[in-house]
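The residues of the chain are indexed from 1 along the displayed sequence. Whatever order the structure lists them in is the order used to number ligands and atoms, beginning at 1. On a predicted model such as this, the values are computed, not experimentally measured, just so you know. FYI, side chains are in, hydrogens and waters are out, and symmetry mates aren't considered; it's all heavy atoms of this structure.
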Amino acid sequence: MASLGIPQNTIAVLQKYQFRFQKRFGQNFLIDPHVLSKIIGAAGVTKEDFVLEIGPGIGTMTQYLCEHAREVVAVEIDRNLEPVLAETLGAYDNVTVIWEDVLKLDLARLVEEKNAGRPVKVVANLPYYITTPIIIGLFESHMPVESITVMVQKEVADRMQAGPGTKDYGALSLAVQYYAVPEIMANVPPNCFMPRPKVGSTVIRLTGYQEPPVRTKDEKLMFRVIRASFNQRRKTLANGLGNAPGIALSKEAVQECIGELGVSPTVRGEALSLEQFAALSDLIWEKQRSAAAGKEPE
Ligand code: SAM
């Protein structure tokens, strides 16, 4: 099977199977061999590796992965691609395609079954309409992930990498940076895809931490605090967090926690670092516990 990373070969396969692109599945297939090599290089895929690919499409990147990795598992939602992948991946015996919605799959179990729970590399040209739930889902599944190297919308890559005090900084930046070190590897223009997306794209690599960079008493509470802080960006932190969903404290009690954190009472969420969010959520945790027990913390 000739390499699909060349536009003529992709067009030939699409015509042979009379494939119709489904916008609702975010189908923009890669047609540039340089970009494909760059992604595989950025992911550092070797014959030791077990790779999870999300959305193989017609198998363009999957072929590259099969050549470089020990084993590849690819998850694809669109069953119309079944005859296509049967042909384009027919020459490889180190690939399995799972026909499922990746958001509904038990990824930790899959990795346990297929790779005896050892760390995997995730490599994908993601469907952009579900980038955030896929990335957060991968981290929250607590499956062992060595790295995630993915093509995403440029604007989303900028948000993943942003630090405090910048316009792109928000809940996604903090979620990603709690689990991994993000690095932008390449910017990719629309003409490298078929059909061309309306937005610019970026390859980003997220290298997972062994241990999170900050410790917190209650991870779920910290993420509730983060979400509530950015839900209403224009509000001060105390206004945004007081009586917010899953935070059982009044605005005044939150105000006290902010004072104990040692930052200005009018601070906004976008000014706080991950360390400060962890510390603030621990103060909120203590105060909630004391309030529930009916006493002031010492
Ligand atoms: N990897 C191919 C490439 O680079 O040419 C295709 C990438 S395309 C941007 C995204 C792929 O993800 C499509 O094949 C699409 O059908 C698939 N996809 C969309 N939603 C999905 C989901 N929920 N679960 C699994 N695959 C999905």
Side-chain angles (χ1 to χ4, degrees), residues 1-14 17 19-43 45 51-69 72-89 92 95-107 110 121-138 141 148-154 156-157 185-186 188-204:
M1 173 79 219
S3 166
L4 291 166
I6 297 165
Q8 301 87 293
N9 293 348
T10 292
I11 292 167
V13 167
L14 294 174
Y17 291 94
F19 181 76
R20 284 173 180 275
F21 289 103
Q22 300 230 44
K23 229 178 171 175
R24 70 189 168 116
F25 289 146
Q27 291 176 337
N28 299 94
F29 298 159
L30 271 167
I31 48 163
D32 186 318
H34 299 293
V35 174
L36 287 153
S37 302
K38 215 170 217 174
I39 297 172
I40 307 291
V45 175
V51 174
L52 172 66
E53 185 189 14
I54 296 159
I58 59 170
T60 313
M61 193 155 72
T62 325
Q63 291 183 336
Y64 276 66
L65 292 170
C66 291
E67 299 282 348
H68 290 82
V72 180
V73 169
V75 183
E76 174 57 61
I77 197 169
D78 184 1
R79 285 239 170 210
N80 291 330
L81 290 161
E82 237 176 311
V84 184
L85 287 183
E87 178 182 339
T88 59
L89 302 180
Y92 301 101
V95 59
T96 312
V97 180
I98 297 180
W99 298 98
E100 268 272 17
D101 178 347
V102 70
L103 296 178
K104 293 190 180 142
L105 207 57
D106 184 342
L107 291 168
L110 177 81
K121 286 182 176 165
V122 178
V123 185
N125 170 17
L126 288 179
Y128 294 172
Y129 73 107
I130 43 170
T131 300
T132 300
I134 290 177
I135 298 287
I136 302 298
L138 286 169
S141 73
I148 300 174
T149 307
V150 280
M151 180 85 73
V152 298
Q153 191 176 331
K154 180 178 181 307
V156 175
M185 308 304 286
V188 181
N191 62 5
C192 296
F193 301 85
M194 187 183 293
R196 293 181 185 196
K198 290 201 176 69
V199 293
S201 301
T202 293
V203 179
I204 190 165

Shortest non-hydrogen contact from [X] toward [Y]:
X    : Y    : value
A186 : K38  : CB-CD, 3.8 Å
T149 : A42  : CG2-CB, 4.0 Å
P197 : N28  : N-ND2, 3.8 Å
V102 : L107 : CG2-CD2, 4.4 Å
E100 : L105 : CG-CD1, 3.7 Å
D78  : W99  : O-CZ3, 3.2 Å

Quiz item: Backbone or side chain, does any N or O of N28 fall under 3.5 Å from an N or O of ligand 1?
Solution: no
So if I count the atoms of ligand 1 from 1 in the order they appear, which ones are less than 4.0 Å from some heavy atom of [X]?
X    : result
V75  : 25 (C), 26 (N)
V102 : 22 (C), 23 (N), 24 (N), 25 (C)
E100 : 24 (N), 25 (C)
G26  : 8 (S), 9 (C), 10 (C)
Q27  : 13 (C), 15 (C), 16 (O)
L126 : 9 (C)
G57  : 6 (C), 14 (O)

Roughly how far apart are [X] [atom1] and [Y] [atom2], rounded to 0.5 Å?
X    : Y    : atom1 : atom2 : result
E53  : I98  : CD    : CD1   : 12.0 Å
L103 : I134 : CG    : CD1   : 5.5 Å
L52  : L65  : CG    : CG    : 10.0 Å

What protein heavy atom is closest to [atom], reported as residue, atom name and distance in Å?
atom                    : answer
atom 21 (C) of ligand 1 : I77 CG2, 3.5 Å
atom 5 (O) of ligand 1  : L30 N, 2.9 Å
atom 12 (O) of ligand 1 : G55 CA, 3.2 Å
atom 14 (O) of ligand 1 : E76 OE1, 2.7 Å
atom 19 (C) of ligand 1 : F25 O, 3.1 Å
atom 4 (O) of ligand 1  : N125 ND2, 2.9 Å

Indicate, as side chain, backbone, both or neither, the part of [X] found under 4.0 angstrom from ligand 1 when only non-hydrogen atoms are considered.
X    : value
Y129 : side chain
L103 : neither
P56  : backbone

Quiz item: By ring pair (Phe, Tyr, Trp, His ring centres under 6.0 Å), which residues pair with F21, not counting sequence neighbours?
Solution: F19, F29
Quiz item: Among the heavy atoms of E53, does any lie under 4.0 Å from an atom of ligand 1?
Solution: yes
Quiz item: At the 4.0 Å heavy-atom cut-off, does D101 count as touching ligand 1?
Solution: yes
Practice problem: Just jot down the side-chain hydrogen bond (donor to acceptor under 3.5 Å, both in side chains) partners of Y17, sequence neighbours excluded, or say none. | Solution: E87
Self-check item: Single hit among L126, I39, T131, T202 for side-chain contact (heavy atoms from CB on, under 4.5 Å) with M151
Solution: I39
